S.K.: 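Please read through the structure below; I'll follow up with questions.
Since the model is a prediction, treat every value here as computed from it, not as a measurement. First listed ligand is number 1; within each ligand, the first listed atom is number 1. The first residue in the sequence is number 1, and the count goes up from there.
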Amino acid sequence: MRKIRYNLLERGASVRDVIDSVVARGPHDVPVHILNLDDVVEKHRNWHHQLSRVEPFYAVKCNDDPAILRTLISLGVGFDCASKQEIEKILKLGASPTKIIFAHTAKSMDSIDYAKSCSIDLMTFDGEFELDKIKQLHADALLVLRIRYDSCNAQISLGKKFGCDPDQEAPQLLKYAKTLGLEVVGVSFHVGSGSEDHECFQGAIKCARRLFDFAHTIGYHFHLLDIGGGFPGDHNKPIDSYAKTINLALQRFFPLKLNVRIIAEPGRYYVASAVTLITNVQSKRIVRNSQGDITDIMYYLNDGLFGSFDWLNPRQHPPEIIPGNHQIVRSQTGRFSSTLWGPTCDSTDLICSGMMLEELRIGDFLVFDNMGAYGITLATNFNGFAKPKVLTYISRAAWEKLKLDKHGKSLKRSAPVVASNNWNSAD
Ligand code: PLP
């Protein structure tokens, strides 16, 4: 595995300085992700403050950047892995097998085998065929029954694909697991990713408690509740209301005296706000009506839906615009309805349309914040376009505290934050 390169922010230097420095270098073909690990550390502190009973198991699928994973390992966070490859990656980085839940309910035979060989015992299921496979390949596994409980307002609803019906199917499945002699230890759910509905956690936790009670009647003694992901992670979206609902529901349905371990699988929460994307305008076209009035300006950026942009996360807020090199095209004043396209030849590669923006020029920079979730892990090289380049930053104080690595490059406020020959510094 390659060494992780951390750029150290000395006292007084900020991510803003980094952005200014990247922009000062002029337009570049490859979009840039500024990854701020201090943001991840702060998110973890906040999680503990707000949800002290709930152990986070970060969902690796959300952003598997090694620097993020190393930081989370140092912070003592656990991991939700969905595949053999994710397990392999996190183990190589130093995670303990006891801090991993294999949270995919439809696992390949090979991956179950692999999990067993690495002593990863905790895994989810939602159907009888999965139970048969686990009985055959990892009979000592500690199983978590995934039930369906959907938020009514999620960006990505998962219930159609995963999770059994808690009333009809779950009791039957538990009875079947019992006949196979398998060890079921608890219940999990995922209300949906990007859920705006914090109250659904109350219903889901209540529903899980009913299954704990049922399991008891057939001889199981559940001791684990996994409340999944679905927490917001943008700068302007706090988790306070989620924490309040969850804490109250836990107090009511899983009081401390029951001695139930509570875990969660947050993805977005930990990383969305840690990444800022810097992209630039590579081409543009002006669209006019028959009277010659401008009806739209189309911009072609060097990043799009096959790169950093989440397919299901429409851009509602205008990006920050930083003027670039303006020798190329004339400028007009005023705002125009604008369309932002990604660079590929696919016409679905549309970031947003109808956004009112000042006229941009070739080489102008567009800076998007909250780009850390489900961007880089979904990015492709379609049409040969490079995936975004990640530049990783951490304050010296946090770096020393976490004892991340000896491979740090010091950056002071007065120095250029990204050195001129440093585009490959993260390699
Ligand atoms: N756990 C599972 C099983 C998932 O499928 C997902 C996302 O799809 C997550 C956790 C992370 O969800 P989020 O990013 O909404 O927190």
S.K.: Using distance alone, with no hydrogens and no angle criterion, decide if Asp346 and Thr348 have a side-chain donor and acceptor under 3.5 Å apart.
M.R.: yes

S.K.: Who's the nearest protein heavy-atom neighbour of atom 14 (O) of ligand 1, and how far?
M.R.: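 For atom 14 (O) of ligand 1, the nearest protein heavy atom comes out as Tyr374 OH, 2.6 Å.
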
S.K.: Starting from atom 1 (N) of ligand 1, what is the nearest protein heavy atom, named by residue and atom, and what distance separates them?
M.R.: Glu265 OE1, 2.6 Å

S.K.: Could you tell me if any non-hydrogen atom of Gly228 lies under 4.0 Å from any atom of ligand 1?
M.R.: no

S.K.: For His104 and ligand 1, answer yes if some heavy atom of the residue is under 4.0 Å from a ligand atom, otherwise no.
M.R.: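 Per 4.0 Å heavy-atom rule, His104 does not contact ligand 1.
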
S.K.: Closest heavy-atom contact between Pro97 and Ser119?
M.R.: CB-O, 3.7 Å

S.K.: What I want to check is whether the side chains of Thr71 and Ser74 have a donor and an acceptor closer together than 3.5 Å.
M.R.: no

S.K.: Please state which protein non-hydrogen atom is closest to atom 15 (O) of ligand 1 and give its distance, to 0.1 Å?
M.R.: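 The protein heavy atom lying closest is Ser193 OG, 2.6 Å.
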
S.K.: Distance under 4.0 Å to a non-hydrogen atom of Ala103: what atoms of ligand 1 satisfy this?
M.R.: 3 (C)

S.K.: For ligand 1 and Gly267, I'd like to know whether there is a polar contact (N/O to N/O, distance under 3.5 Å).
M.R.: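 Yes - when backbone and side-chain N and O of Gly267 are compared with those of ligand 1, one distance drops under 3.5 Å.
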
S.K.: Check the side chains of Thr339 and Ser353 for a donor-acceptor pair under 3.5 angstrom, ignoring hydrogens and angles.
M.R.: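 Judged by distance alone, the side chains do not pair up.
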
S.K.: Check this for me - ligand 1, Ala59, N or O atoms closer than 3.5 angstrom, yes or no?
M.R.: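 The answer is no, given that Ala59 and ligand 1 share no N or O pair closer than 3.5 Å.
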
S.K.: Give the residue, atom name and distance (to 0.1 Å) of the protein heavy atom nearest atom 9 (C) of ligand 1.
M.R.: His190 NE2, 3.3 Å

S.K.: Does the side chain of Asp64 pick up a donor-acceptor pair with the side chain of Thr377 at under 3.5 Å?
M.R.: no

S.K.: Output the list of atoms in ligand 1 that are nearer than 4.0 Å to some heavy atom of Pro266, sorted by atom number.
M.R.: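 By the 4.0 Å cutoff, the relevant atoms are 16 (O).
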
S.K.: Any nitrogen or oxygen of Arg146 lying under 3.5 Å from a nitrogen or oxygen in ligand 1? Just yes or no.
M.R.: no

